[in-house]
Amino acid sequence: MYSDRIVPRFVLSLVSLAFLAGCSRSPSVLAPASPEAGKIADLFWILLLISGVIFFLVEGLLIFAVVRFRSRQQATLPKQVHGNTRLEIAWTVVPSLIVVGIFAIMFPTMSELTQQQAGALKVKVIGHQWWWEIVYPDLGITTASELHVPVGQPIEIEILSADVVHSFWVPELFGKTDTVPGRSNWTRFVASKEGVYPGQCAEFCGVQHANMGFLIIVEPREAFEDWVEEWGDAPDEPDDGPAALGEQAFLTGSCIACHTIDGTRAQGKLGPNLTHFGGRRSIAALTLDNAPENLASWLANPQSIKPGTTMRIPSLSSEVIRNLVAYLESLK
Amino acid sequence: MTGYGETVPSLRAEADVWTWITTTDHKRIGILYMVSAFVFFLGGIVEALLMRTQLAVARNTLLGPDAYNQIFTMHGTTMIFLFLMPMQAGLANYVLPLMIGARDMAFPRLNAFGYWLFLFAGLFMYSSFLIGAAPNAGWFAYAPLTEVQFSPGLNIDFWALAILLLGISSTAGAINFIVTTIGLRTRGMSFNLMPLFVWATLVTSLIIVFAMPSLTTGVVLLLVDRRLGGTFFTPGDGGDPLLWQHLFWAFGHPEVYILILPAMGVISEVLPVFARKPIFGYSFIAWSSVAIGFLGFTVWAHHMFAVGLPIIVQALFAASSMIVAVPTGVKIFNWIATLWGGQISLKTSMLFAIGFIGQFVIGGITGVFLAVVPFDWQATDSYFVVAHFHYVLFGGALFGLFAGLYYWLPKFTGRLLDERLGILHFFLILIGFNLTFFPMHLLGLMGMPRRIYTYAPGLGWDNLSLVSAVGGFTIALSVSVFIWNFFSSLRHGQAAGDDPWDAWTLEWATTSPPPPHNFSTVPIVRSRRPLWDLKHPENPDWRTAQPARDASVESKEERVDAGPRRGY
Ligand SMILES: [Cu+2]
Ligand SMILES: [Cu+2]
């Protein structure tokens, strides 16, 4: 249904042409990649249509009145009209009916969007200041800031908080659900198009609220299953070279107080699980792309990259950083 | 018209500071409110410009995250608590007793107390900048982020204490307005004949009295949590973060009407005078204010559609929120009908009133969008919401305030403002406002969340944010035109006379500025337009305006004339 919305697409592209002049891709509410976001986008276009009519009617009357009844010089006083009860009742009743209509359009969508679906893949998402912990309880995978899902399968995400209120939002896939400490919330969706969809924390949650992004990676089923297989096990330990030195530095340094790497003695829980860090696309909740030089600058001074981040470490020598980078990037 | 005197009593002639500090005259307190609020307004503008500049380009480094968070928190808190509310309190302080033919407010010393408390609270909150610890958790101060565990500094304590004091101040002011309106109306002015601005102020004050306790409770509990080890808003020991949200929004939504109703009242005074026609459908406008006041208390959870409330609860709050559109729509149609068939004179005040209607309509429409729950899941906490409430509170409330200032400043100062500068101000702010805030609708739809101090390039947000920044500076320019106009009119402005607009309510029946005792004689009120009746004895409103009551006019008159003179 949402895929053949040609007219709105056309309007949207006009709007984007006018305002963006060939810009990059936005995570737009109006470019849905799931039936859920599609239904909301449909609702938006219906509302826009209804309110567009009202808008042009009201603004038209207003402008017409101002232009038409603008005083000419030396005019006599206009007729002193104090009201007209019948008219006024009309413009009380008509908006009431429109409102009832809008409610009637809204309610079915609302209940459809909250229905449970059979055979859902369960994922747990836990908001931390300022990164997202991602857990697949049935697959034994824990990671951060990156959610892989197969295309076409219902996904059921339980949304939790480790500290304050955050909000989990991927405009192209689904609306917001807040993480409320002490409660668990849910969001359900089916991704209908492969792709990488950026999301971001949408509830103000402190200093680094702006850098609390994540990605949802929608893959074909086979690719997803390969990913599960690969990430279900601990990565191979490096034999020698800088990576092995890096592992040693990691396991003897402060890192293990906060980070977990499966298959090692690093079992810290305060920071993201780094087990397959080398296979991830970003560093520190979309603050940087995952590339060796970026990782090096992150380790050199996380506070300068993401001021206020809860990763506080003593400064490291550039040699240690080099080894750590080699180790962490080897964790595929 | 009368009173085009040579000399205009100057405010500066009474510049003895001590008399201003000790004054209990509602007019002087009104001026103190308005001047102080305007200064805070300038602070809020500077904060806005800093934000817009920071976001004008992706990954800007003008402001760090902590500075940005303090600035956006102070911007919101300032514009709501230190500008719009006290500005409207100031305007009503000055105008309301005059409009009802009273000599002063009911409780003049309480009035002064309210002002000084507001000023102290505002300065106290701003003093936090001196130690680099301005409030930094948004004007909504969501727990548990605001608990000591996550905000150990003094930032939130400054915010909570100042809000507590401001709550006391505005409650004192509101009680004063209520008692004044009920008790001090001049002879003949029944509720049914009060100017609509007085109606609006009465309803606003009632909302303040009933909504403020919720905020006060929340803030006190927050302080108990923070400094006395309470756990009201932390999960675990029986607390709940959602309790804060309920307490806050049970105040926060009515607050929107506290901010917009006075502006609607202003519009209902300005439109008829410059259209040379009475307001169309007085009762519908007055009762729609009352309806909005009541309904405003039933919609707060529309700010919480993403927190996981049961679906049926969300649907109910959606319904009540949508219903608010009805009395609001009624007002808009009545205003347009007031213009219809009139002789519209486009004075600056009128331009702002028309701008108010045009822009408020947009804010109202996007409000209905946001009441549609599934769409709200997408739009809440995005820039779409920022656009929406600025169309209500800036395009609406602030434009309404400017309409009121251009209308009544001549009464306050005795001097007319310059019309050409006024028109320049209007068009600059009209363009600046729409440049700043219209693109935000699109930014929100393009996935841009609120309250972020930076964003990555490549998301398509930069161009529109740049447009928005340009708009912000245009607004600042327009405000400086206004300030220039104001000060030059004080010196060189044409004398206003008693009644420069040939208006119809009682404040125009005394000198500009009015003497300390306001009136030498108050005209008897027999209709909603007492000065019209005086100016048009051949066709007075009390004979023609309320056909239903024609038969009883004579006896009513007698009753009125014989009644005790209230309020003295
Ligand atoms: Cu967050
Ligand atoms: Cu609200």
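Chain identifiers are assigned alphabetically (A, B, ...) following the order of the sequence lines, protein sequences preceding nucleic acid strands; residue numbering begins at 1 within each chain. All values derive from a computational prediction rather than experimental measurement.
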**OP:** Name the option with the most non-hydrogen atom pairs under 4.5 Å to chain A; the candidates are L242(B), I279(B), T454(B).
**Re:** L242(B)
**OP:** May I ask you to check whether W169(A) and Q378(B) show a side-chain donor-acceptor distance below 3.5 Å?
**Re:** yes
Original post:
Would E88(A) and F333(B) count as a side chain to side chain contact (heavy atoms under 4.5 Å, CB included) if you check the C-alpha gap in whole Å, the side-chain angles of each, and the deciding distance to 0.1 Å?
Top reply: CA-CA 8 Å; E88(A) 291 170 65; F333(B) 285 115; over 6 Å; no
Original post:
At a heavy-atom separation under 4.5 Å, does Q314(B) approach chain A through its side chain, its backbone, both, or neither?
Top reply: both
Subject >> Region of F168(A) in contact with chain B, defined by heavy-atom distances below 4.5 Å >> reply: neither
**OP:** Indicate yes or no: does K176(A) engage D376(B) in a salt bridge with an N to O separation below 4.0 Å.
**Re:** no
Original post:
Side chain, backbone, both or neither: which part of N136(B) has a heavy atom under 4.5 Å from chain A?
Top reply: backbone
Original post:
Is it the side chain or the backbone of I89(A) that comes within 4.5 Å of chain B heavy atoms, both, or neither?
Top reply: both
Original post:
Can you say whether F107(A) sits under 4.5 Å from chain B via the side chain, the backbone, both, or neither, judging by heavy atoms?
Top reply: side chain
**OP:** Considering only heavy atoms and a distance below 4.5 Å, find which of G236(B), P241(B), A371(B) pairs most often with chain A.
**Re:** P241(B)
Original post:
Which atoms of A456(B) come close to chain A, meaning under 4.5 Å heavy atom to heavy atom: side chain ones, backbone ones, both, or neither?
Top reply: neither
Subject >> Top contributor to chain A interface from F369(B), Y142(B), Y453(B) [non-hydrogen pairs under 4.5 Å] >> reply: F369(B)
Subject >> L145(B) versus chain A, the contacting section by heavy-atom distance below 4.5 Å >> reply: both
Subject >> Interface moiety of F233(B) toward chain A, non-hydrogen atoms closer than 4.5 Å >> reply: neither
Subject >> Toward chain B, the part of E59(A) with a non-hydrogen atom under 4.5 Å >> reply: side chain
**OP:** Calculate, to the nearest 0.5 Å, the distance between atoms OG and CE belonging to S96(A) and M322(B) respectively.
**Re:** 13.0 Å
Original post:
Which heavy atom in P78(A) sits nearest to a heavy atom in A275(B), and how many Å separate them?
Top reply: CG-O, 3.9 Å
**OP:** Side chain from CB out, backbone as N, CA, C, O: work out which of these in L43(A) comes under 4.5 Å of a heavy atom of chain B, or both, or neither.
**Re:** side chain
**OP:** Would you confirm whether S26(A), through its side chain, and L459(B), through its main-chain N or O, come within 3.5 Å as a donor-acceptor pair?
**Re:** yes
Original post:
Looking at A319(B), G329(B), A325(B), which has the largest count of heavy-atom pairs under 4.5 Å with chain A?
Top reply: A319(B)
Subject >> Heavy-atom proximity to chain B below 4.5 Å, by part of V180(A) >> reply: side chain
Subject >> Residue S51(A) versus chain B: region with a heavy atom under 4.5 Å >> reply: both
Original post:
What part of Y455(B) is in contact with chain A, defined as an atom under 4.5 angstrom from a non-hydrogen atom: side chain, backbone, both or neither?
Top reply: neither
Subject >> R451(B) portion near chain A, given a 4.5 angstrom heavy-atom threshold >> reply: both
**OP:** Give, as side chain, backbone, both or neither, the part of Y68(B) having an atom under 4.5 angstrom from any heavy atom of chain A.
**Re:** neither
Original post:
If you count heavy-atom pairs under 4.5 Å between each of T366(B), V368(B), D66(B), I354(B) and chain A, which one has the most?
Top reply: I354(B)
**OP:** Measure distances from W335(B) to the heavy atoms of chain A and classify the residue's part below 4.5 Å as side chain, backbone, both or neither.
**Re:** neither
Original post:
D163(A) and P144(B): which non-hydrogen atoms are nearest, and at how many Å?
Top reply: O-CG, 3.6 Å
Original post:
For L47(A), is it the side chain, the backbone, both, or neither that has a heavy atom closer than 4.5 Å to a heavy atom of chain B?
Top reply: both
Subject >> P374(B) portion near chain A, given a 4.5 angstrom heavy-atom threshold >> reply: both
Original post:
Between R450(B) and E203(A), is a side chain to side chain contact (heavy atoms under 4.5 Å, CB included) present by the stated rule, with each step listed?
Top reply: CA-CA 8 Å; R450(B) 299 170 67 176; E203(A) 183 59 84; over 6 Å; no
Original post:
Under 6.0 Å between the ring centres of F204(A) and W139(B)?
Top reply: no
**OP:** For chain A, find which of P278(B), P65(B), A143(B), A315(B) contributes the most heavy-atom pairs closer than 4.5 angstrom.
**Re:** P278(B)
